[in-house]
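Order of listing sets the numbers, starting from 1, for every ligand and every atom in it. As the structure is a computational prediction, the values presented were derived from the model and not from experiment. FYI, the numbering just counts along the sequence from 1.
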Amino acid sequence: MSKSIQMVDLHGQYLKMKPEIDQAIQDVIDSSAFINGQPVKEFAGKLAEYLDSKFVIPCANGTEALQVAYMALGLEPGDEVIMPAFNYVASAEAAALLRLKPVFVDVHPDTYNIDVDQLEKVITSKTRAIVVVHLFGQSADMEPILSLAWKHQIKVIEDNAQALGAVYSFQDGTQHKAGVMGDIGTTSFFPTKTLGCYGDGGAIFTNNEELAKVSRMIASHGQAKKYTFERIGLNSRLDTMQAAILRVKLKRLDEWNRFRQAAAVVYDELLGDVEGIVTPSRSGFSTHVFHQYVVRVTGKSRDKVKDRLKAAGIPSMVYYPSPLHLQKAFAYLGYNEGDFPVAEKLCDEVLALPIHTELQREEQEQIVSKLKEIIR
Ligand SMILES: *Cc1c(COP(=O)(O)O)cnc(C)c1O
């Protein structure tokens with residue numbers, strides 16, 4: 001094997017579309033419209049079309065997208081926002097910055113997504129919103145979440161940083177892309193996401209015209225028009241260069257997602273009968289775009305397995321090593337070990353194997369054969 005196995009291969013991906021990307025970047029330089037240039041609007045329009053969302057508001061990153069969403073929904077200090085404990089930090093961090101109270105809930109052991117059965121128990125008179133995080137590429141079970149939210153008059157925010165392009169099916173057969181079923185959705189274009197730019201980027205989507213208007217204003221210093229500040233906002237922009245790159249990459253997203261799905265099937269087959277490894281399950285209600293292919297290591301110490309893979313030149317990652325309720329930054333919320341047993345167990349067992357648009361079958365075979373040897 002000439003090329004070493006990588007967790008992601010952004011350079012290999014770039015080489016396959018080099019002329020188009022290079023031209024897009026050159027065009028931005030030639031235009032000198034580095035901020036709010038035409039590609040920003042064009043990309044937002046294309047993404048709206050792709051998601052079947054009425055409005056897309058580009059912004060600086062996925063964390064600020066969440067902050068803008070909270071602000072646009074009018075959440076106020078002390079308001080409770082429910083979110084999964086097994087999660088990236090962004091939704092909790094953005095909430096805490098606004099003095100909202102993150103309220104954690106456990107996840108489902110099969111899908112790693114928010115456990116709908118646990119959700120209603122944590123709803124109080126102060127609950128104003130639920131952040132549904134579509135983890136690793138698969139939509140959470142939106143239909144019961146939406147009806148629960150409706151029943152309790154709670155807003156639904158979808159953090160879709162990991163599942164752009166995943167399709168959710170309602171009981172009646174209606175299908176929607178992840179991210180556009182709740183009141184407001186957010187995403188990140190961090191380079192390693194399924195749709196990543198060459199720096200930081202993010203977006204907010206909604207079908208609600210008022211929320212779109214307010215989000216756009218908040219992301220632009222709270223300006224109604226230039227130098228007229230209607231509210232306190234922030235400076236959260238997707239720059240033109242990133243938008244130009246994303247426009248090129250969005251055209252390939254479905255093809256890339258299909259490639260990831262095929263690679264996941266290969267892993268499933270190769271790992272299917274390996275004792276001590278649990279492959280990721282697919283829900284009946286959502287497609288899975290495999291932002292990550294995350295197995296559970298049940299037969300041996302996950303950390304030891306990871307170290308031995310590394311020694312053999314095979315990268316792997318742990319998403320996430322500790323649940324949010326046990327992080328020092330959120331100690332003030334008063335949670336204890338044992339509060340969310342599934343999230344805690346997953347943090348001990350999960351291991352993400354390399355999955356990306358350039359991954360070769362031979363590489364997967366090599367990864368799995370090493371893994372088998374270690375786990376035996
Ligand atoms: C990556 C990610 C974010 C944050 O995105 P940034 O662009 O890095 O701010 C938020 N939520 C989830 C679930 C993510 O995976």
*Return the residue, atom name and 0.1 Å-rounded distance of the protein heavy atom closest to atom 11 (N) of ligand 1.*
Asp159 OD2, 2.7 Å

*Taking atom 15 (O) of ligand 1 as the reference point, the nearest protein heavy atom with its distance*: Lys193 NZ, 2.6 Å

*Give the ring-plane orientation class for Phe136 versus Phe86, where under 30° counts as parallel, over 60° as perpendicular and anything between as tilted.*
perpendicular

*According to the interplanar angle, ranging from 0 to 90°, do the rings of Tyr335 and His325 count as parallel (below 30°), tilted (30 to 60°) or perpendicular (above 60°)?*
perpendicular

*For Gln171, does the CD atom sit with more than 12 other heavy atoms under 6.0 Å from it, leaving out its own atoms?*
no

*Does Ile232 CD1 have over 12 foreign heavy atoms under 6.0 Å away?*
no

_Lys177 to Tyr168, cation-pi by 6.0 Å centre distance and 45° axis angle_ = no

State whether the shortest distance between N or O atoms of [X] and N or O atoms of ligand 1 falls below 3.5 angstrom.
X	result
Ser188	yes
Ala161	no
Asp200	no
Thr63	yes
Tyr88	no

*Looking at Gln162, which atoms of ligand 1 are within less than 4.0 Å of one of its heavy atoms?*
13 (C), 14 (C), 15 (O)

*What are the atoms of ligand 1, with element, lying closer than 4.0 Å to any heavy atom of Ala90?*
10 (C)

_Pair listing, salt bridge (charged side-chain N to carboxylate O under 4.0 Å, His left out) test, anchored in residues 253-268, at least two apart_ = Asp268-Arg282

*Quick one: salt bridge (charged side-chain N to carboxylate O under 4.0 Å, His left out) pairs with a partner in residues 106-134, sequence neighbours left out?*
Asp79-Arg128, Glu120-Lys151

*Applying a 4.0 Å heavy-atom criterion (strictly less than), which segment of Asn61 is in contact with ligand 1: side chain, backbone, both, or neither?*
both

*Which segment of Val133 sits under 4.0 Å of ligand 1 when only heavy atoms are counted*: side chain

*asked:* Whether the Asp303 and Ser301 side chains hold a donor-acceptor pair (N or O, under 3.5 Å, no angle test) is what I'd like checked.
replied: no

